[in-house]
Colleague: 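Structure below; questions to follow.
Chain identifiers are assigned alphabetically (A, B, ...) following the order of the sequence lines, protein sequences preceding nucleic acid strands; residue numbering begins at 1 within each chain.
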Amino acid sequence: MNENASVKNPVNLRLPDGSVRTFDGPVTGTTLASVIGPGLLKAALAIKVGGELWDLNREIEADADVSIITKRDDDGLELMRHDAAHIMAEAVQELFPGTQVTIGPVIEDGFFYDFARDKPFTEEDLEVIEKRMHEIVKRDENIIREVWDRDDAVAYFKKIGELYKAELIEAIPAGELVTIYRQGEWLDLCRGPHLPSTGKLGDAFKLMKVAGAYWRGDSKNAMLTRIYGTCWRDKKELKAYLLRLEEAAKRDHRKLGREMDLFHLQEEAQGSVFWHPQGYTIWLALEKYIRTRLQGAGYREVKTPQVLDSKFWEQSGHWAKFRENMFVVPDEVPNTEEDGPVLSGDAKLMALKPMNCPAHVQIFKQGIKSYRDLPIRFAEFGCCHRNEAHGALHGLMRVRQMTQDDAHIFCREDQVTEESVAFCALLASVYKDLGFPEFQVKLATRPEMRAGSDEVWDKAEGALEAALKAANLEFEYAPGEGAFYGPKLEFHLSDAIGRTWQCGTLQTDFVLPERLDASYIGEDGNKHRPVMLHRAILGTLERFIGIMIEHYAGKMPLWMAPTQVAVAPITSEADEYAQNVADRLSALGMRVNTDLRNEKINYKVREHSHAKVPVILVVGMREAEEGKVSMRRLGSNENKVMTLDEAAVQLSAEATMPTGN
RNA sequence: GCUGCUGUAGCUCAGGGGUAGAGCACUCCCUUGGUAAGGGAGAGGCCGGGAGUUCAAAUCUCCCCAGCAGCACCA
């Protein structure tokens, strides 16, 4: 051995407070923590070395800026969640030998782990697994990092029957080293880092649910069984989280839709909404609003056929790619005889439109368009049908019959950026009006299966990115997630429990105008292809209303509320006056409901509050004699007595639809 | 479509091999009451659908359907 190897260089570690600790050789985070104090040693989970998270027991050999990570740090909590996943895997393999492990990442609020097992886990198994996890925490097994040769690791995991793990390691380039973490008898391939021992996890975790998930996210692969868990710093945080989930469930639009009598769904028309008067009132208010905004932005509204010949969809490319999700209609008079099949099977096929673009192109193609006419913006509240997979349906969020606030902008190539910027601004303004100043933006780029040349895609993606930058919107890329005819911007909003849903979209398309042969006459007298921008702000009225119901927890802004005001007399002697109050407000265009039932005022207030009516006007003989009303706002228990005139002015002003200012 | 779970009155749910239960809602009566449940009476269900086991099925078994959670998909 080289003599010099034993000569140690001093290591200087600088702490966040600027102080420096010097050691006469390589040192671990554990040692550092113990030098600083026993309290910190106990709390320490990992160490950050030059911005990188390391295991506490890994030796630091060179000078570095360091900080000890405890569960107070977000990094610490993330480590705990990661370890919770490992500990769950250890528990599962102890309890259910023969189960293979795959991957187990940290997610928002928790973690999951995907297992391969002949018999999927059930909810009942969760209790047992969770109990075993607590035992593993109690055992306080040391978690040890080991560096293995990649090929050795593959061989090892194959030998013990962990074929998925072996496959994962095989994806790592040959000759590279891999890290293995060992806790007790159990070990797993992992990049790390990890807690120093299982005991550091604590007890603030809970297994939440089991679900299926495809290996590597591909439905052609085997289905694994995934167990989701949540993990927090302490019991108090865990409890708060569970409470938060409970509260969020109360805002579920499906529940509120029933409670507020807005809409319903039923088996005979799965995925298609029955809008009730109250719900359709919200719809009409929203539609009116968006129509006004579109008119102000130079759009012209059109209406196109519901059923179109399949040759259209063949031309557009949708038939090839989406036929299995289209409702096909044979163009045939059904057999009315008692016997024989109803349909012959050889009729010409038509289809309910799954989107509006080809129809809008047909309108564009009528007559000859000049470059001077562009841009042309056709808007349609287009009712579309898509035969979505059963498992995809979800209340108003994912339906089979949907109405898009769709529009197509036909423009010259040099107008694409300007139009895109204008669209982004319009969308941001609409979202703000509707109560969503914040939203997520994604730029979805070319998918594997696509139409059009790479050159065209370069142009299309470039235009969208330029628009985002010009509109000063932050965004992230969604590689490979574009439509088959072009890249798209996706504007996402979240529901009550944090699931995100795409609402608005902007798609540049150089392909469909070509396929459907749309052209305009340019300045040079020659035919040119217009660029088509597909765009929707709300996406579908169904989904957007669903999101709004959850966002507002049913307490819609006054201008959208199905019933804006309930007038409730205290005694039947005030009925006539109550009716006068209601008539006065109705004349101002407000949606008013009088409650003349033989019930106590407490009862009426309670009921209208539950129905989320924004304003209750209580009138008794006192008010009737003085021409006043007692106004009670939803969510407040204050009552303001004012004259009917004051109330009328105040409420009708407040019920005015926003206009983007 | 895939995996798991669920399906009993309008709603929320209990029950569980022997003729179906509660609360709220609904109808009627009493009550005219001042800001989140006044009192009484009544009506309401082939226990998601179909097949099977059994003397007997809402209950057990199988097959469908739908819903829920997640995955896959999302023009």
Side-chain angles (χ1 to χ4, degrees), chain A residues 112 114 117 119-126 208-228 249 252 254-255 258-259 261 264-268 270-271 313 316-326 353-358 384 386-395 397-398 402 404 406 444 447 481-486 488 490 497 499 501-502 505 507 509 512 534 539 543 568-575 598-610 616-623 630-632 634-639 641:
Chain A
F112 68 75
D114 285 348
R117 186 179 181 231
K119 190 175 165 292
F121 294 110
T122 65
E123 309 260 323
E124 286 168 17
D125 296 326
L126 295 190
M208 304 295 284
K209 57 198 173 196
V210 283
Y214 296 107
W215 168 236
R216 299 202 143 161
D218 188 336
S219 59
K220 290 195 224 38
N221 290 340
M223 176 148 285
L224 309 171
T225 121
R226 173 174 297 181
I227 302 180
Y228 285 93
D252 190 308
R254 294 164 297 188
K255 185 175 153 71
R258 194 168 45 240
E259 289 171 2
D261 194 17
H264 84 270
L265 293 152
Q266 69 184 52
E267 266 191 54
E268 289 74 9
Q270 44 178 290
W313 309 111
S316 68
H318 291 93
W319 192 255
K321 193 163 192 315
F322 292 111
R323 192 171 58 216
E324 62 178 30
N325 293 313
M326 287 169 67
K353 67 175 171 185
M355 18 82 72
N356 310 296
C357 354
C384 295
R386 295 178 184 176
N387 197 347
E388 304 283 11
H390 286 85
L393 299 176
H394 184 101
M397 304 300 198
R398 192 80 182 270
M402 67 210 80
Q404 303 173 324
D406 200 7
E481 303 214 339
F484 73 88
Y485 52 71
K488 53 179 188 171
E490 300 177 357
I497 62 170
R499 290 178 290 220
W501 300 88
Q502 183 194 310
T505 184
Q507 306 167 11
D509 180 0
L512 274 188
H534 308 243
R543 179 177 289 181
I570 289 167
T571 83
S572 50
E573 283 175 68
D575 283 0
N598 173 19
E599 295 292 351
K600 290 217 158 116
I601 194 62
N602 284 8
Y603 185 88
K604 292 183 185 179
V605 165
R606 179 184 148 83
E607 192 156 287
H608 295 297
S609 299
H610 276 168
I616 302 173
L617 296 181
V618 172
V619 293
M621 287 318 287
R622 227 151 55 205
E623 286 78 11
S630 167
M631 187 187 291
R632 182 191 172 107
L634 182 57
S636 147
N637 46 17
E638 257 180 81
N639 312 300
V641 178

Colleague: Is the backbone of Thr122(A) close enough, under 3.5 Å, to the side chain of Asp125(A) for a donor and an acceptor to pair up by distance?
Modeller: yes

Colleague: With sugar-phosphate meaning primed atoms plus P, OP1 and OP2, does Arg622(A) contact a base, only sugar-phosphate, or nothing at under 4.0 Å between heavy atoms?
Modeller: base

Colleague: Side chain of Ser219(A), heavy atoms from C-beta onward: which of rU35(B), rA72(B), rC68(B) has the nearest atom to it?
Modeller: rA72(B)

Colleague: Looking at the side chain of Glu123(A), which of rG4(B), rU32(B), rA36(B) is the nearest nucleotide?
Modeller: rG4(B)

Colleague: Would you say Arg323(A) reaches rA75(B)'s phosphate, i.e. side-chain N/O to OP1/OP2 under 4.0 Å?
Modeller: no

Colleague: Mind checking whether Phe484(A) and His318(A) have parallel, tilted or perpendicular rings, split at 30° and 60°?
Modeller: perpendicular

Colleague: Please check: side-chain N/O of Glu607(A) versus main-chain N/O of Lys604(A), any donor-acceptor pairing under 3.5 Å?
Modeller: no

Colleague: For the C1' atoms, the ones on rA43(B) and on rC29(B), what distance do you get once it is rounded to whole angstrom?
Modeller: 15 Å

Colleague: Taking atom P in both rG44(B) and rG7(B), what distance in whole Å separates the two?
Modeller: 25 Å

Colleague: Return no unless some side-chain N or O of Lys488(A) is found under 4.0 Å from OP1 or OP2 of rA75(B).
Modeller: yes

Colleague: Find out whether Val641(A) and Met631(A) are in side-chain contact, i.e. whether some heavy atom of one side chain is under 4.5 Å from a heavy atom of the other.
Modeller: no

Colleague: So, is Arg226(A) near the phosphate of rG4(B), with a side-chain N or O under 4.0 Å from OP1 or OP2?
Modeller: no

Colleague: Would you call the rings of His394(A) and Trp501(A) parallel, tilted or perpendicular, taking 30° and 60° as the class edges?
Modeller: tilted

Colleague: So what does Gly217(A) touch, heavy atoms closer than 4.0 Å: a base, only the sugar-phosphate, or nothing?
Modeller: sugar-phosphate

Colleague: Less than 3.5 Å between a donor and an acceptor, one on the side chain of Arg398(A) and one on the base of rC73(B), is that the case here?
Modeller: yes

Colleague: Do Arg386(A) side-chain atoms and Glu388(A) backbone N/O form a donor-acceptor pair below 3.5 Å?
Modeller: no

Colleague: Report the stems of RNA chain B as range-with-range entries sorted by first number; a stem here is at least three consecutive pairs, Watson-Crick or G-U wobble, both distances under 3.5 Å, and write none if there are none.
Modeller: B:1-7 with B:65-71, B:10-13 with B:21-24, B:26-30 with B:38-42, B:48-52 with B:60-64

Colleague: Please walk me through it: do Asp406(A) and Asn356(A) pass side chain to side chain donor-acceptor pair (under 3.5 Å)?
Modeller: CA-CA 7 Å; Asp406(A) 200 7; Asn356(A) 310 296; 2.8 Å; yes

Colleague: Which protein N or O atoms sit under 3.5 Å from an N or O of nucleotides 37-41 of chain B?
Modeller:
from	atom 1	to	atom 2	distance (Å)
rA37(B)	N7	Arg606(A)	NH1	3.4
rA37(B)	N7	Arg606(A)	NH2	3.4
rA37(B)	N6	Arg606(A)	NH2	2.7
rA37(B)	N1	Arg606(A)	NH2	3.0

Colleague: Under a 4.5 Å cut-off applied to non-hydrogen side-chain atoms, are Val210(A) and Leu126(A) in contact?
Modeller: yes

Colleague: Donor-acceptor pair under 3.5 Å: do we get one between Tyr214(A)'s side chain and the base of rG1(B)?
Modeller: yes

Colleague: Mark yes or no for a side-chain to base donor-acceptor pair under 3.5 Å between Thr225(A) and rU3(B), with no hydrogen or angle criteria applied.
Modeller: no

Colleague: Within the pair Arg258(A) and rU12(B), is there a side-chain N or O less than 4.0 Å away from OP1 or OP2?
Modeller: yes

Colleague: For the side chain of Glu267(A) and the base of rG7(B), is some donor closer than 3.5 Å to an acceptor across the two?
Modeller: no

Colleague: Would one find a side-chain N or O of Arg632(A) under 4.0 angstrom from OP1 or OP2 of rA36(B)?
Modeller: yes

